[in-house]
Amino acid sequence: MTSEPLRILVVLPMYGGSLPIGRYCARALTELGHTVRVFDAPALHPAFTGLSRLDLTPARKSALEADFLQVVAKAIWAQVEELAPQFVLALAQAPMSHRLLQKLRRAGVRTAMWFVEDYRIFTYWQAYAPLYDLFAVIQKEPFLAELAAVGQPHALYLPLAALPEFHRPLALSPAEQREYGSDIAFLGAGYPNRRLAFRPLAGRDFKIWGSDWEGENLLARNIQRGGSRISEEESVKVYNAARVNLNLHSSVSAKELVSHGDFVNPRTFELAAMGAFQLVDRRSLMDGLFAPDELATFDTPEEFYRKIDHFLAHPEEREAYVRRARARVLAEHTYEQRMKTLLAAMEDAFGPWRKDGREEGAPPILDAPLREELARLTASLGLPPHAPFEDVMDRLRHRTGPLNELETSLLFLDEWRKQYRK
């Protein structure tokens, strides 16, 4: 993999489960030393949803929504022009149009999508996958073969992960423990299989956090805050406070409470990184990620209820699972490791990253004290000593707080260079 820092644009979706994953990716890429800018699509979501409240026919609303998404694509291209990235990473549901992807390819900007969704349910990949240089997925066969069939030869199995500096053990205050703590907890949406599976637990010390539980009368007393959404920051407190966290993968069908699916959800990695105990339904791709003694699993509803009681009564067993699972995640399943794998796969498939002639480092005519001051500045911005001038300016413009004399001079110089180029 390249040791040179890259300029990377991460394009987030306007909403949905892949939104926090996109932020974790951007954070991990920054920690790896790359210059990263995030296209914050959620800022545009209120305007997009506002179109649906206009008193217009469905056809006119659809036309306006299509026009709006074209404007969003133009905004992404504006950030591309400003940052001049070598790589654009889009998360599932990111507002990337066909035209924009074609334009990026013509401009020589490499692209990838991390499709962190079930390909059987969300089928838009069929139209978009061939337009990306690389398509990373959380499932294996037959999905990989189907990608090849639609014209995407560069598919990468890339399971989900955790961000250890965020998904971490927390020491909760007594008040926080009272608010969030319980014998049993679940955080997530009220999918049909979960509603049925959780109803036998209604009379117990069981707290349900998250949205989409409307109409669930039997579990009404267990649902916290009326089913309002829980922030990522607060979710860490919820997971740390529970004795047994339930991790039942979602299913749109209630015929089978345990779906026996393939991909492993982000909650599995996040709970493990936090040192929080979880009881999770077994998935076919789990064996390649965790050892049998690292996750407490179940295959049937009967085993599910039996193991809840067992692990509540045996805290020492919970602690053993927690210790082993956390060690595994920290060693193999972090977003930094996933981003290294993704960038290496891009380089293996398409060769070294392009150079575009940007000047690197401080000119040799500078005297030693100024060179040292510039080196301290680049280090404070999280950049290597010989970072390109444009990368220094990009980080400097996005930093808050008062400017010193050197920073002010550099920003003035950058504005002068832009005017000179015009």
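One is the number of the first residue; the rest follow in order along the sequence.
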**OP:** Give the C-alpha distance, both sets of side-chain angles, the deciding distance and a yes or no for side-chain contact (heavy atoms from CB on, under 4.5 Å) between Leu246 and Leu201.
**Re:** CA-CA 11 Å; Leu246 305 182; Leu201 304 174; 3.8 Å; yes
Original post:
Any side-chain heavy atom of Val88 sitting closer than 4.5 Å to one from Met96?
Top reply: yes
**OP:** Begin from the C-alpha positions of Arg204 and Asp309 and carry the test salt bridge (charged side-chain N to carboxylate O under 4.0 Å, His left out) through to its verdict.
**Re:** CA-CA 11 Å; Arg204 305 184 61 168; Asp309 293 332; 2.8 Å; yes
**OP:** Would you indicate whether Tyr191, at its atom OH, is surrounded by more than 12 heavy atoms from other residues, nucleotides or ligands within a distance under 6.0 Å?
**Re:** no
Subject >> Residues Asp183, Phe206; criterion side-chain contact (heavy atoms from CB on, under 4.5 Å); working and verdict >> reply: CA-CA 6 Å; Asp183 282 345; Phe206 174 36; over 6 Å; no
Original post:
Between Met14 and Leu19, is a side-chain contact (heavy atoms from CB on, under 4.5 Å) present by the stated rule, with each step listed?
Top reply: CA-CA 7 Å; Met14 286 196 277; Leu19 176 55; over 6 Å; no
**OP:** Looking only at non-hydrogen atoms, find the nearest pair between Val116 and Ser18 and report the distance.
**Re:** CG2-CB, 3.4 Å
Original post:
Just how far is it from atom CH2 of Trp209 to atom CG of Asn222, taken to the nearest 0.5 Å?
Top reply: 12.0 Å
Original post:
Any chance OH of Tyr15 has more than 12 other-residue heavy atoms, nucleotides or ligands included, within less than 6.0 Å?
Top reply: no
Original post:
Do His154 and Tyr132 pass the ring pair (Phe, Tyr, Trp, His ring centres under 6.0 Å) test, and can you show the C-alpha distance, the side-chain angles, and the key distance before you say yes or no?
Top reply: CA-CA 9 Å; His154 301 294; Tyr132 285 92; over 10 Å; no
Subject >> Exceeds 12 heavy-atom contacts within 6.0 angstrom, atom CZ of Arg229 >> reply: no
**OP:** Verify the distance criterion only: is there a donor paired with an acceptor across the side chains of Glu256 and Asn193 at less than 3.5 Å?
**Re:** no
**OP:** Any chance you could measure Met286, atom CE, to Arg282, atom CZ, to the nearest 0.5 Å?
**Re:** 6.5 Å
**OP:** Verify the ring-centre separation between Tyr24 and His167: is it less than 6.0 angstrom?
**Re:** yes
Original post:
Which heavy-atom pair separates Asn247 from Arg267 by the least distance, and what is that distance?
Top reply: OD1-NH1, 3.1 Å
Subject >> Any donor-acceptor N/O pair, Asn265 side chain to Thr268 backbone, under 3.5 Å >> reply: yes
Original post:
Would Arg194 and Ser251 count as having a side-chain donor-acceptor pair, cut-off 3.5 Å?
Top reply: no
Subject >> Within-4.5 Å side-chain heavy-atom neighbours: Asp299 and Asp281 >> reply: no
Original post:
At their closest point, which heavy atom of Ala161 faces which heavy atom of Thr334, and how far apart are they?
Top reply: CB-C, 3.6 Å
**OP:** Using a 4.5 Å cut-off on heavy atoms from C-beta on, say whether the side chain of Ile138 contacts that of Tyr119.
**Re:** no
Subject >> Asp293/Arg323 under salt bridge (charged side-chain N to carboxylate O under 4.0 Å, His left out): CA gap, chis, key distance, verdict >> reply: CA-CA 10 Å; Asp293 65 349; Arg323 185 174 59 256; over 6 Å; no
Subject >> Ser250 to Ser259 - nearest heavy-atom pair and separation >> reply: O-OG, 4.4 Å
**OP:** Take atom CZ of Arg120 as the centre, draw a 6.0 Å sphere, and report whether it contains more than 12 heavy atoms from other residues, nucleotides or ligands.
**Re:** yes
**OP:** State whether the side chain of Lys61 and the backbone N or O of Leu54 hold a donor-acceptor pair below 3.5 Å, judged by distance alone.
**Re:** yes
**OP:** List for me each residue that meets ring-ring contact (aromatic ring centres under 6.0 Å, His included) alongside Phe186, sequence neighbours excluded, and say none if there are none.
**Re:** Phe198
Original post:
Under 3.5 Å, is there a donor-acceptor pair between the side chain of Arg195 and the main chain of Gly190?
Top reply: yes
Original post:
When you check the side-chain N and O atoms of Ser62 and Glu65, is any donor under 3.5 Å from an acceptor?
Top reply: no
Original post:
Short question: side chain of Asp262, backbone of Ser284 - any donor-acceptor pair under 3.5 Å?
Top reply: no
Original post:
Is there a donor-acceptor contact under 3.5 Å from the side chain of Lys207 to the main chain of Ser182?
Top reply: no
**OP:** Please tell me if the side chains of Val109 and Arg354 come closer than 4.5 Å, counting only heavy atoms from C-beta onward.
**Re:** yes
Subject >> Aromatic ring proximity, centroids under 6.0 angstrom, Phe290 and Phe269 >> reply: yes
Subject >> Heavy-atom donor-acceptor pair, His260 side chain to Val258 backbone, under 3.5 Å >> reply: yes
**OP:** Check for a donor-acceptor pair, side chain of Glu294 on one end and backbone N or O of Arg328 on the other, with a separation under 3.5 Å.
**Re:** no
Original post:
Is there a side-chain contact between Met346 and Leu156 (heavy atoms, below 4.5 Å)?
Top reply: no
Original post:
Can you tell me if Tyr180 and Glu234 form a side-chain donor-acceptor pair at under 3.5 Å?
Top reply: yes
Subject >> Heavy atoms of other groups near Glu233 CD, more than 12 under 6.0 Å >> reply: yes
Original post:
Out of Val38, Leu9, Val11, which one pairs with Gln79 under the side-chain contact (heavy atoms from CB on, under 4.5 Å) rule?
Top reply: Leu9
Original post:
Can you check salt bridge (charged side-chain N to carboxylate O under 4.0 Å, His left out) on Lys237 and Glu179, steps first, answer last?
Top reply: CA-CA 10 Å; Lys237 296 180 180 180; Glu179 180 178 3; over 6 Å; no
Subject >> Side chains of Arg243 and Leu312 in contact at under 4.5 Å (non-hydrogen atoms) >> reply: yes
**OP:** Return the minimal non-hydrogen interatomic distance between Leu83 and Ile8, and the atom names on each side.
**Re:** CD2-O, 3.7 Å
**OP:** Would you check if the side chain of Tyr239 reaches a backbone N or O of Ala272 as a donor-acceptor pair within less than 3.5 Å?
**Re:** no
Original post:
Under 6.0 Å from the six-membered ring centre of Phe39 and within 45° of its axis: does the NZ or CZ of Arg37 meet both?
Top reply: no
Original post:
Applying the ring pair (Phe, Tyr, Trp, His ring centres under 6.0 Å) test to Phe135, which of Trp125, Phe115, Tyr157, Tyr128 qualifies?
Top reply: Phe115
Original post:
Do Tyr321 and Phe311 have their ring centres less than 6.0 Å from each other?
Top reply: yes
Original post:
Is the side chain of Asn240 donor-acceptor paired with the backbone N or O of Leu170 at a distance under 3.5 Å, no angle test?
Top reply: yes
**OP:** Test Ile184 against Asp205 for side-chain contact (heavy atoms from CB on, under 4.5 Å), laying out the working first.
**Re:** CA-CA 6 Å; Ile184 313 164; Asp205 183 15; over 6 Å; no
Original post:
Any side-chain heavy-atom pair from Met274 and Arg326 closer than 4.5 angstrom?
Top reply: no
**OP:** Report yes or no: does Gln278 contribute a side-chain atom to a donor-acceptor pair with the main-chain N or O of Leu271 at less than 3.5 Å?
**Re:** no
Original post:
Do Arg23 and Glu232 meet the salt-bridge criterion of a basic N to acidic O distance under 4.0 Å?
Top reply: no
Original post:
Salt bridge check: are Glu336 and Lys340 linked by an N-O gap of less than 4.0 Å?
Top reply: no
Subject >> Closest non-hydrogen atom pair, Leu91 against Met113 >> reply: O-CE, 3.4 Å
**OP:** Could you list all the salt bridge (charged side-chain N to carboxylate O under 4.0 Å, His left out) pairs where at least one residue sits in residues 101-111, not counting sequence neighbours?
**Re:** Arg105-Asp133
Subject >> Phe298 and Phe304 aromatic ring geometry - parallel, tilted or perpendicular at 30°/60° bounds >> reply: tilted
**OP:** With the side chain counted from C-beta on, respond yes when His98 and Leu131 share a heavy-atom pair under 4.5 Å apart, and no when they do not.
**Re:** yes
